[in-house]
Novice: 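This is the structure I want to talk about, given as structure tokens.
To find a chain, count down the sequence lines: A is the first, B the second, and so on, and within it residues start at 1.
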Amino acid sequence: MVRSRKGLAGLAAAATALALALAGCGGGGSGSGDGTSGTRLSDDQQNLTYVLNYGCTSLDPTENFDNCRMQMSTNVFDTLVTLDSKSQPQPKLASSWKWTDPTTLQFKLRTGVTFSDGTPFTSADVKATFDRYIAMKSVLATQLAVVSSYTADDPTTFTIRTSAPTGTLLGVLSMIFIGPEAHVNEDSYWAKPIGTGPFVISDFVANDHITLTRNDTYWGTKANLKTLTFKVVTDTNARITALANGGAQVVAGVTNDQVPTVREMSDVNFSQLPSYTYTFLWFQNNRAPFNDVRVRKALWEALDLQKIVKALLGETADPMTALCPSAAFGCVPPTNAPKHDPENAKKLLAEAGYPNGFSTTIDYSVANTGYDQIIAAMISDWKAIGVTVAPKSDDQATFLKNIASPGDFDMIVNSNLTTTGDADFTLNRLYPCSAKRLGYCNPKLDALLAKARETTDAEQRKPLYQQIANILAEDVPGIGLFENNINVAAKKTVQGLNLTPTENYDWSTVYLTS
Amino acid sequence: MTATAPAPAPAVNATMRHARRARRGVTVRIVVPLVVIGLIVVGAIVVPLVYHYDPLHADLLARLKPPGTVTSDGGTAILGTDQIGSDLFAQIMAGARVSLLVGVATLVISGVVGLALGLLAGHFGGWLDAALMRIADVQLAFPSILLAILVASVLGQGVGNIIIVLSISNWVVFARVARSQVLGLKNREYVEAARALGAGNWHLMFRTLLPGCMAPVIVVATTQFAQVILTEASLSFLGVGVPLGTPSLGSTIYNGTQYLSTAWWISTLPGIVLVILMLAFGILGDALRDKFDPRLRSA
């Protein structure tokens, strides 16, 4: 059904292939034999440490969608379907599916699958997991709002009914991690969850590390790694040091200033590809002075994003004008995006009744390394039009509280992921009136978003998303700042790693050589 | 001290000479640090004004430039520029300003509170003494940087909060020094005399005992000053100190650590300034102690 996202996803796939060719990663895929360099290490030595790009506060993917939870969940849980490198749905826990009518989707579930504690997997587990995601009223709430009912017809059949035809449903289902019926609705279970995936959590220390070990009873191809550690290292120097001294084999989020250092390391491959991760700024649209669109537009026009991004992020990111990353389907740049024009910005402020500017604040999380420089550069640009902005660096917990609905901030900067690789995921989750994230509401936009979601033909969806992008550029609820590239440095001994634009990697195919 | 003293008369002369030299040494050790500190204080006040320094002003084309670079507007960044292109010299001096402000304010607050509590404890003794000194012991048993981090994370960032945090962890030293001094003084004749003449507690504490406490307290203050500045730098280095937009020596050093291999000057130069400031206060404190030392005073 989801025959969409052709062009750009194809580009991403090509980039992945290129990155892998450059990285000499042996082409991915399990059981593809030894790589080009060195012999495969013995099983006892198959221990890999990956330094994550972001912090790790909790393991519950039903509550929030940060990179850490998704990374862990991708390897510990299975989903009904999975998206391949072309964003096409492929069977996982569901062996097949069909739309029995335009609003009814029926899954046939795989048999012989057990959770890592030995409990068999049935349709009751899927149903309980759906209960959890819907009860949490959290990350997937707007996506799942179209689901009118779901039933476990028999142990291997699961049926979803939607209130309207929904082209993006399978993409959403690729993010629902199936937990065991008995525990999935208990908060305590999520402190150390178990799933049906290729790895099992053996240890978790918040904001420090997650250690996974191989699930030897996994139903599919078993993982090559014996242990896999996701490590949180906030100090950017320490990350590279870890790579140099063997403390880690793969490091995500290499910063622009470190790229030359990493390139000089002879035993390290550095790979880049466009990702679904992007960084944006939100205004609190119902709080003065941001309730005036002229003020929001002025603040956008004051920013010289081309210069800021090029100077501070170089090749690790690209400036953007849309509110979701161009690697994802439907994330087209608006044709009416404001240009860098401080003079006009001053004029707009004067029209809005702030000829002498005003003072405000901008929130950001200390967990996001490198933000302070970007914030300082933006503040500098705003100062040029008379707006004084005080930076507020919040610890991660405070930050998440401030950015959560209904949004307690004047301006806030955050990074985000268009997980499904489809504009619907980001735009329809954050910007409809019902989302209540940044005090923005435009019924015209809501109607277009709903229409774009219901349309199943990619060619018809594209012009809809162009209209949506233009409305967002007109209303300026927020500003898309830049789209991040994936900047991963890996030891040349790491084989079989498939980098994906979602930054959630399947580590079961990875192995180490000498 | 009297290693070369063969005959009694020259021995006296040698001792006198030695003492005089020691006194001269003390003077030098007081004057030089004072000059250095004075220069830094003047620099901290004047330089950011002369440079029109704005900590949040970014000049992205001029970032990470080495010392001596001529900038696009014709000026020379004598100590180079930092990661957002602001002048490092101005930033170091603005940082010294914050460090000195924090140091002075903390010493005034913790000194006054510590001195008052120390006087109370020493003068009245009994349960008040026991209670105050046990609180002090409890606090001393707790690592001060850990306490500072704890309080800082509760109060949040900001220069005012840092001063509060550091005052909380520093009053103890003053209280203990003042108390021990009072215990030594309160049975001296002049104090007895004042008491016999009917002086009240207030008069005894602040007119007779306090002046006798001042010398050691001033010495402690100089060493504590260095300690406070260093703790502020550590807190900023750990990210619980001053917020973005308030440069301190510690935060500048911390920001530069990312660039140690490519732009060494960002961390190194403020580090050197911090070391010089520490040394100056350390030597000054040491010299003051020698100056107040009665064994040298007689010469």
Side-chain angles (χ1 to χ4, degrees), chain A residues 234-241 244 254-265 303-314 361-384 387-398 413, chain B residues 52-65 72 81-88 91 94 149-150 152-161 235-248 250-268:
Chain A
T234 47
D235 183 81
T236 50
N237 268 336
R239 301 159 71 93
I240 302 303
T241 311
V254 176
T255 64
N256 181 40
D257 292 309
Q258 289 174 328
V259 170
T261 316
V262 172
R263 285 232 162 96
E264 275 171 27
M265 295 181 175
L303 294 179
D304 190 352
L305 285 172
Q306 293 285 344
K307 188 172 145 197
I308 293 173
V309 173
K310 197 167 168 354
L312 295 176
L313 300 164
T361 62
I362 185 163
D363 281 68
Y364 67 103
S365 166
V366 287
N368 291 324
T369 43
Y371 269 29
D372 44 2
Q373 294 180 36
I374 294 155
I375 302 273
M378 295 200 299
I379 288 175
S380 212
D381 278 353
W382 285 322
K383 191 157 192 184
V387 177
T388 311
V389 182
K392 262 176 76 196
S393 56
D394 304 323
D395 61 85
Q396 183 72 5
T398 314
V413 170
Chain B
H52 303 293
Y53 176 69
D54 173 2
L56 287 172
H57 178 75
D59 181 1
L60 297 176
L61 296 176
R63 62 193 295 263
L64 305 177
K65 294 281 184 264
S72 55
T81 61
D82 74 350
Q83 69 280 358
I84 58 167
S86 65
D87 186 273
L88 196 58
Q91 187 172 345
I149 292 174
L150 179 75
S153 19
V154 173
L155 291 179
Q157 295 188 322
V159 173
N161 287 345
L235 286 177
S236 296
F237 185 86
L238 292 171
V240 287
V242 293
L244 176 66
T246 313
S248 95
S251 63
T252 307
I253 295 171
Y254 173 69
N255 289 335
T257 52
Q258 288 182 43
Y259 304 97
L260 271 181
S261 54
T262 48
W264 55 270
W265 53 91
I266 304 175
S267 277
T268 313

Novice: Would you compute the distance between atom CD1 of I362(A) and atom CG of L244(B) and round it to the nearest 0.5 angstrom?
Specialist: 10.0 Å

Novice: With only heavy atoms counted, which part of K307(A) is less than 4.5 Å from chain B, the side chain, the backbone, both or neither?
Specialist: both

Novice: Can you tell if the side chain of S267(B) reaches within under 4.5 Å of the side chain of I253(B), non-hydrogen atoms only?
Specialist: yes

Novice: Has T398(A) got a side-chain atom pairing as donor or acceptor with D394(A)'s backbone, closer than 3.5 angstrom?
Specialist: no

Novice: Test P391(A) against every option in V413(A), T361(A), I379(A) by the side chain to side chain contact (heavy atoms under 4.5 Å, CB included) rule and name the one that passes.
Specialist: I379(A)

Novice: Looking at I84(B), N255(B), L64(B), which has the largest count of heavy-atom pairs under 4.5 Å with chain A?
Specialist: I84(B)

Novice: Is D54(B) close to chain A through its backbone or its side chain, or both, or neither, when contacts mean heavy atoms under 4.5 Å?
Specialist: side chain

Novice: Under 4.5 Å, counting heavy-atom pairs only, tell me which of L260(B), L61(B), T257(B), T262(B) racks up the most with chain A.
Specialist: T257(B)

Novice: In Å, rounded to the nearest 0.5 Å, how long is the span from CG of N237(A) to CZ of R239(A)?
Specialist: 11.0 Å

Novice: Let's test your reading of the structure: which of A377(A), A311(A), A238(A), P260(A) forms the most heavy-atom pairs below 4.5 Å with chain B?
Specialist: A311(A)

Novice: Heavy-atom pairs under 4.5 Å with chain A - which of H57(B), Q83(B), R63(B) has more of them than the others?
Specialist: R63(B)

Novice: When rounded to the nearest 0.5 angstrom, what is the spacing between CD1 in I375(A) and CH2 in W382(A)?
Specialist: 7.0 Å

Novice: Between I308(A) and chain B, which part of the residue has a heavy atom less than 4.5 Å away: side chain, backbone, both or neither?
Specialist: both

